[in-house]
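So the structure is just underneath, and the comments pick up after that.
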Amino acid sequence: MIATPRPLPDSFFDRDAQVLARALLGKIIRHRHQGHWLAARIIETEAYYLAEKGSHASLGYTEKRRALFLDGGHIYMYYARGGDSLNFSAQGPGNAVLIKSALPWLDQHCAPDALQRMQGNNPAASGERRPPERLCAGQTLLCRALGLKVPDWDAQRFDPARLFVDDVGERPAQIIQTTRLGIPGGRDEHLPYRFVDATHARHCTRNPLRRGQVEGRDYFLLNPEE
């Protein structure tokens with residue numbers, strides 16, 4: 001018997017941003033694009049708080065940033081480096097989690113040609129198909145592959161008929177905690193608010209286990225329940 005996808009309830013997102021960032025690892029984003037379901041498994045996240053300088057919310061409330069100040073489970077999207085980025089609001093005004101990277105997820109609920117559709121959405125600069133492990137290896141690549149656009153989803157709630165996050169029982173065996181990427185100097189760039197599924201570290205935006213990185217100095221290893 002095929003299990004029906006069960007969208008995570010809003011209460012799942014109503015928790016501390018770092019706790020939510022870890023809990024989202026292994027969860028499946030499902031988006032209905034052009035009449036077909038596409039999906040990706042989250043492997044990298046970043047937590048952001050109102051009180052720290054690296055967050056958009058720290059710049060103050062605006063209508064564009066409204067979703068960051070709403071209850072947990074709202075979608076906040078913005079443009080970064082010419083592409084779309086996906087965030088989920090967490091517990092407390094101004095707190096959120098950025099979905100940094102993922103891997104294509106294929107199951108019986110996806111379109112039969114879901115991978116090809118995602119590759120068509122997000123071709124390499126040469127026009128060739130990206131390999132599956134590089135399709136969602138970055139926040140804008142992820143949105144491009146899934147067909148997620150700022151005008152469609154910013155400040156929206158999840159919709160079980162179009163976009164939701166699913167728990168299929170996938171859990172990271174170990175989690176890497178390290179500093180976030182792309183935070184300018186002097187804007188709390190030292191805070192270790194980035195979380196990576198250790199099994200898939202080489203497929204995330206930037207491998208925290210690359211040569212020269214030292215455990216206890218550059219990153220920490222966590223058990224999923226920590």
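These numbers were taken from a predicted model, which means no experiment stands behind them. Position 1 is the first residue of the sequence; numbering continues from there.
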Stepwise side-chain contact (heavy atoms from CB on, under 4.5 Å) test for Gln116 and Arg129: CA-CA 8 Å; Gln116 291 74 27; Arg129 290 184 175 182; 3.6 Å; yes

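- In this structure, the side chains of His33 and Asn121 come closer than 4.5 Å at one or more pairs of heavy atoms.
- At a threshold of 4.5 Å between side-chain heavy atoms, the hydrophobic network of Ile, Leu, Val, Met, Phe, Trp and Tyr places Tyr193 and Ile183 in two separate groups.
- When every heavy atom of Trp37 is checked against every heavy atom of Arg162, the shortest pair comes out as CZ3-O, 3.6 Å.
- Residues Leu68 and Ala96 come closest through the heavy atom pair CD2-CB, 3.5 Å.
- You'll find the side chain of Asp152 stays beyond 4.5 Å of the side chain of Leu163, heavy atoms only.
- At a threshold of 4.0 Å, the pair Asp154-Lys64 counts as salt-bridged, since one of the basic side-chain nitrogens sits closer than that to a carboxylate oxygen.
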Worked check of side-chain contact (heavy atoms from CB on, under 4.5 Å) between Leu191 and Tyr49: CA-CA 11 Å; Leu191 295 173; Tyr49 294 92; over 6 Å; no

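- From Trp153, atom CH2 reaches atom NE2 of His74 across 12.5 Å, with rounding to the nearest 0.5 Å.
- Heavy-atom neighbours of Arg202 CZ from other residues, nucleotides or ligands within 6.0 Å: at or below the threshold of 12.
- Residues Glu63 and Tyr61 are in side-chain contact: their nearest non-hydrogen atoms beyond the backbone lie under 4.5 Å apart.
- Distance check: Ser11 OG to Gln91 CD gives 11.5 Å after rounding to the nearest 0.5 Å.
- Looking at Arg171 and Lys27, their side chains come closer than 4.5 Å, going by heavy atoms from C-beta outward.
- Side-chain N or O atoms of Asp14 include none that pairs as donor or acceptor with a backbone N or O of Gly72 at under 3.5 Å.
- At distances below 3.5 Å, not a single donor-acceptor pair connects side-chain atoms of Asn122 with backbone N or O atoms of Met118.
- Put simply, the side chain of Thr179 never gets that close to the backbone of Glu189: no donor and acceptor are under 3.5 Å apart.
- Residues Leu20 and Met77 share a single hydrophobic cluster, defined by chaining ILVMFWY side chains whose heavy atoms lie under 4.5 Å apart.
- Side-chain heavy atoms closer than 4.5 Å link hydrophobic residues (I, L, V, M, F, W, Y) into clusters, and following such links, possibly through other members, connects Leu86 to Tyr79.
- Within the 4.5 Å cutoff, the side chain of Leu98 has no heavy atoms near those of the Arg180 side chain.
- Using modelled atom types, no side-chain atom of His200 and backbone atom of Ile43 make a donor-acceptor pair closer than 3.5 Å.
- Trp105 and Ile99 fall into different hydrophobic clusters, defined by Ile, Leu, Val, Met, Phe, Trp and Tyr side-chain heavy atoms under 4.5 Å apart, directly or through other members.
- From Ile176, atom CD1 reaches atom CG of Leu221 across 6.0 Å, with rounding to the nearest 0.5 Å.
- Checking side-chain atoms of Asn95 against main-chain N and O of Leu50 turns up a donor-acceptor pair under 3.5 Å.
- In this structure, the side chain of Glu46 engages the main chain of Leu181 through a donor-acceptor pair within 3.5 Å.
- Put simply, CG on Leu8 and CG on Asp166 are 7.0 Å apart, with the number rounded to the nearest 0.5 Å.
- For the pair Arg210 (side chain) and Asn207 (backbone), a donor-acceptor distance under 3.5 Å is present.
- Checked by atom type and distance alone, the side chain of Arg194 never pairs as donor or acceptor with a backbone atom of Glu44 at under 3.5 Å.
- Taking each heavy atom of Cys110 and Leu106 in turn, the nearest pair found is SG-CA, 4.2 Å.
- Distance NE2/His109 to CG/Leu38: 14.5 Å, rounded to 0.5 Å.
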Worked verdict on Asp188 versus Tyr48 for side-chain hydrogen bond (donor to acceptor under 3.5 Å, both in side chains): CA-CA 11 Å; Asp188 293 327; Tyr48 288 87; over 6 Å; no

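- Between Val97 and Ala21, the shortest heavy-atom contact is CG2-N, 3.8 Å.
- Considering all non-hydrogen atoms of both residues, Val168 and Arg30 come closest at CG1-NH2, 3.7 Å.
- Tyr78 and Leu70 fall into different hydrophobic clusters, where Ile, Leu, Val, Met, Phe, Trp and Tyr residues are linked whenever their side-chain heavy atoms come under 4.5 Å apart, directly or through other members.
- With Phe12 as the aromatic partner, Arg15 meets the cation-pi criteria of under 6.0 angstrom to the ring centre and within 45 degrees of the ring axis.
- With contacts defined as side-chain heavy-atom distances shorter than 4.5 Å, the pair Phe195/Lys100 does not qualify.
- Shown here is Arg187, whose CZ atom has more than 12 heavy atoms of other residues, nucleotides or ligands within 6.0 Å.
- No more than 12 heavy-atom neighbours from other residues, nucleotides or ligands sit within 6.0 angstrom of CZ on Arg206.
- Side-chain N or O atoms of Arg6 include none that pairs as donor or acceptor with a backbone N or O of Asp167 at under 3.5 Å.
- Annotation: side chain of Gln119 is in contact with side chain of Leu115 (closest heavy-atom distance under 4.5 Å).
- His36 and Arg117 are linked by a side-chain donor-acceptor pair at a separation below 3.5 angstrom, with hydrogens and angles left out of the test.
- Using a distance-only test at 3.5 Å, with no hydrogens or angles considered, no donor-acceptor pair links the side chain of Asp197 to the main chain of Leu25.
- Nearest heavy atoms, Ala40 versus Ala102: CB-CB, 3.8 Å.
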Test log, rule side-chain contact (heavy atoms from CB on, under 4.5 Å), inputs Ile42 and Ile29: CA-CA 7 Å; Ile42 300 169; Ile29 301 172; 3.9 Å; yes

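- The structure places CD1 of Ile28 at 9.5 Å from CG of Leu103, a figure rounded to the nearest 0.5 Å.
- Counting heavy atoms from C-beta outward, Val19 and Arg22 have side chains that approach closer than 4.5 Å.
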Derivation and outcome, side-chain contact (heavy atoms from CB on, under 4.5 Å), residues Ile75 and Phe158: CA-CA 7 Å; Ile75 298 164; Phe158 296 108; 3.9 Å; yes

